[in-house]
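All residue numbers refer to positions in the sequence shown, counting from 1. Any value given below was found using the heavy atoms of this structure, including those in side chains, with hydrogens, waters and symmetry copies removed.
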Amino acid sequence: MQLTYYGHATFSVVIQGKTILFDPFFTGNPSIENIDININTLKPDFIFISHGHGDHIGDAVAIAKNSGALVIAAPEVAGWLGNQGVENLHPINHGSPIDFDFGKVRAVNALHSSGLPDGSYGANPLGFVFTTGEGNFYYAGDTGLAMDMQLIPYWTKLDFALLPIGGNFTMDYEDAAIASDFIKCNNIVGIHYNTFEFIKINTQKAEEYFKNKGKHLHLPSPGETIDI
Ligand code: NI
Ligand code: MN
């Protein structure tokens, strides 16, 4: 599967020719300030939003309106997007896998908080488990280490997972390695680190920590596309 990382927790994957964008935070994202990305040229088919914080919902309204993408988020977040004029919405919540063109998605717990940029109620933060004909993956969203992650292998044999590793607001890389055990997946893409002062990490130490446990930690550069 092709994965493009845009820094922080923003990335896209292509499945069956459909582009799926996650937590679009471009405007004000320090990790891409030197990269020439015009959000008006982004034409995703789907946008997933993990929770209401500004570093995740960021440019969702502009990109959704511009592309006509279907936006998938918790009901309260979807409702807020609807109030901003986004029309193509699919609210989801914990409970069951949901069919989309490209495969199934299950919303799972994220141990975090949520709230929308204007102070509106942001509902429970979510992670997403994707089961598709081209591979299975877990995007954890912003989360601390949680026992609930152990449920994921009962549902899906993961090919890779995107886990936050920056600490302070989420797991650090040591907890992400435990999460990797919980989800029975050793192929991890690290996200949500080095964007801001509070989440600065030593990436070389993080990579070595994973390597010593027989795991692989991918740290693509912002703007880089990898095959995973
Ligand atoms: Ni957050
Ligand atoms: Mn965040």
Atom [atom1] in [X], atom [atom2] in [Y]: separation rounded to 0.5 Å?
| X | Y | atom1 | atom2 | answer |
| --- | --- | --- | --- | --- |
| I191 | I165 | CD1 | CD1 | 9.0 Å |
| M1 | Q16 | CE | CD | 9.0 Å |
| L145 | D172 | CG | CG | 9.0 Å |
| K65 | N40 | NZ | CG | 12.5 Å |
| L217 | E207 | CG | CD | 6.0 Å |
| S50 | L126 | OG | CG | 7.5 Å |

Counting N and O atoms only, with roles assigned by atom type, does the side chain of [X] sit under 3.5 Å from a partner on the main chain of [Y], one being a donor and the other an acceptor?
| X | Y | result |
| --- | --- | --- |
| S180 | C185 | yes |
| T195 | Y193 | yes |
| Y5 | H8 | yes |
| D59 | T27 | yes |
| S221 | E224 | no |
| N194 | I201 | yes |

S12 versus I20: any side-chain heavy-atom pair under 4.5 Å?
no
Non-hydrogen side-chain atoms of P44 and K18 separated by less than 4.5 Å
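No; the side chains remain at least 4.5 Å from each other.
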Residues in salt bridge (Lys or Arg N to Asp or Glu O under 4.0 Å) with [X], at least two apart?
| X | answer |
| --- | --- |
| K200 | E197 |
| K215 | D181 |
| D36 | none |

Residue set satisfying ring-ring contact (aromatic ring centres under 6.0 Å, His included) with F128, at least two apart, ordered chain then number -> F48
Listed by chain and number, what are the ring-ring contact (aromatic ring centres under 6.0 Å, His included) partners of Y121, not counting sequence neighbours?
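None.
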Decide side chain to side chain contact (heavy atoms under 4.5 Å, CB included) for T143 and M171; before the verdict, give the C-alpha distance in whole Å, the side-chain angles of both, and the deciding distance to 0.1 Å.
CA-CA 6 Å; T143 185; M171 296 188 283; 4.2 Å; yes
Output, in order, the C-alpha distance, side-chain angles, deciding distance and verdict of side chain to side chain contact (heavy atoms under 4.5 Å, CB included) for F137 and V13.
CA-CA 11 Å; F137 67 96; V13 296; 4.0 Å; yes
Please enumerate all residues that pass side chain to side chain contact (heavy atoms under 4.5 Å, CB included) together with D148, with sequence neighbours excluded.
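Partners of D148 under the side chain to side chain contact (heavy atoms under 4.5 Å, CB included) test: N109.
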Which residues satisfy the side chain to side chain contact (heavy atoms under 4.5 Å, CB included) test with L70, sequence neighbours excluded?
F46, I72, N88, H90, F100
May I have the list of side-chain donor-acceptor pairs in residues 149-163 shorter than 3.5 Å, sequence neighbours left out?
unit_1 : atom_1 : unit_2 : atom_2 : d
T156   : OG1    : T131   : OG1    : 3.2
D159   : OD2    : N136   : N      : 2.7

Just wondering, more than 12 heavy atoms not from K43 lying within 6.0 Å of its NZ?
yes
Apply side chain to side chain donor-acceptor pair (under 3.5 Å) to T225 and list each qualifying residue two or more places apart in sequence or on a separate chain.
T4
Side-chain heavy atoms nearer than 4.5 Å, only ILVMFWY residues, links allowed to pass through others: does that put F198 and L111 together?
no
Is it true that F169 and F25 fall in one hydrophobic cluster, defined by side-chain heavy atoms closer than 4.5 Å?
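Same hydrophobic cluster.
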Are F130 and F22 close enough that their ring centres sit under 6.0 Å apart?
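F130 vs F22: aromatic centres under 6.0 Å.
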Cut-off 3.5 Å, side chains only: do D23 and Y139 have a donor facing an acceptor?
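The criterion, which ignores hydrogens and geometry beyond distance, is satisfied for Y139 and D23.
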Distance alone, cut at 3.5 Å: any donor-acceptor contact between the side chains of H192 and D142?
yes
Does anything in residues 78-99 pair up under salt bridge (charged side-chain N to carboxylate O under 4.0 Å, His left out), and if so which pairs, sequence neighbours excluded?
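Every pair satisfying salt bridge (charged side-chain N to carboxylate O under 4.0 Å, His left out) with a residue in residues 78-99: D99-K104.
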Kindly state each residue pair satisfying ring-ring contact (aromatic ring centres under 6.0 Å, His included) with at least one member in residues 202-228, sequence neighbours excluded.
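Output for this query lists Y173-Y209, H216-H218.
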Nearest heavy-atom pair of P164 and A176: which atoms, and what distance?
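Closest approach of P164 to A176, heavy atoms only: O-CB, 3.9 Å.
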I'd like to know whether S114 forms a side chain to side chain donor-acceptor pair (under 3.5 Å) with H51, so could you lay out the CA-CA distance, the side-chain angles of the two residues, the decisive distance to 0.1 Å, and finally the verdict.
CA-CA 6 Å; S114 183; H51 64 296; 5.8 Å; no
With ILVMFWY side chains joined below 4.5 Å, transitively, what does V86's cluster contain besides itself?
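For the cluster that includes V86, the remaining residues are Y6, L21, F26, I32, I35, I37, I39, L42, I47, I49, I57, V61, I63, V71, V77, W80, L81, L89, L116.
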